[in-house]
Amino acid sequence: MSKFQAARCIGALTAACAALPLAGVAFAASPTVKVTDPWCRAAPRGALAGGCYLTLTAAVDDRLVSVDTELADHAEIHTMSLDGGVMRMRRLADGIALPAGRTVQLKPGAEHLMIIRPKAQISAGTSVALTLRFAKAPPLRVVAPVKAVGPMQGRH
Ligand SMILES: [Cu+2]
């Protein structure tokens, strides 16, 4: 395929283009993940952990496998569930599955990102830089504004 043909094919997905031998490679969805509405919950000074939330949509079946932040040496992917009447958090060692095209929302009371022993206070009006790592998609850096939203519930 000439460069000219390839450019035309990307511009307009015509039947003729789809029939080209390279079409299978050229038009396969690439592994990307879209992130919307990132935010972190403000935490009191000296808090041992802070929660961050966001919405992920993967182009192909993928998985959120880890998260890092400059704010701490360590961050984890957690889930929260009711255990004997108490909300408890648990680390998801395998991360979170991101089925192709499905919107996966990390939110208070459910899956979330947890910054362990933040080096600075996570205070409202600041922001937290997070690097999300996926099984297939390239890593994404996200800047999450910090919002003051209710007290943190649940224990580890
Ligand atoms: Cu947690």
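These numbers were taken from a predicted model, which means no experiment stands behind them. Note that the numbering runs from 1 along the sequence shown for the chain. When a ligand or atom number is given, it counts from 1 through the structure's own listing order.
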Angle subtended at the Cu ion (ligand 1) by Met89 SD and Met114 SD, to the nearest 10 degrees, is 110°
Taking just the N, O or S atoms of His112, which one is nearest to the Cu ion (ligand 1)? NE2
Looking at Lys119 and Asp73, does any basic side-chain N land under 4.0 Å from a carboxylate oxygen? yes
Does Thr79 form a side chain to side chain contact (heavy atoms under 4.5 Å, CB included) with Glu111? I'd like the steps, not just the answer. CA-CA 4 Å; Thr79 188; Glu111 281 80 16; 3.4 Å; yes
Heavy-atom pair with the smallest gap, counting every atom of Ile122 and Cys40: CG2-CB, 4.4 Å
For the student: nearest non-hydrogen atoms of Pro139 and Arg133, plus distance: CG-NH1, 3.7 Å
Of all the N, O or S atoms in His78, which has the shortest distance to the Cu ion (ligand 1)? ND1
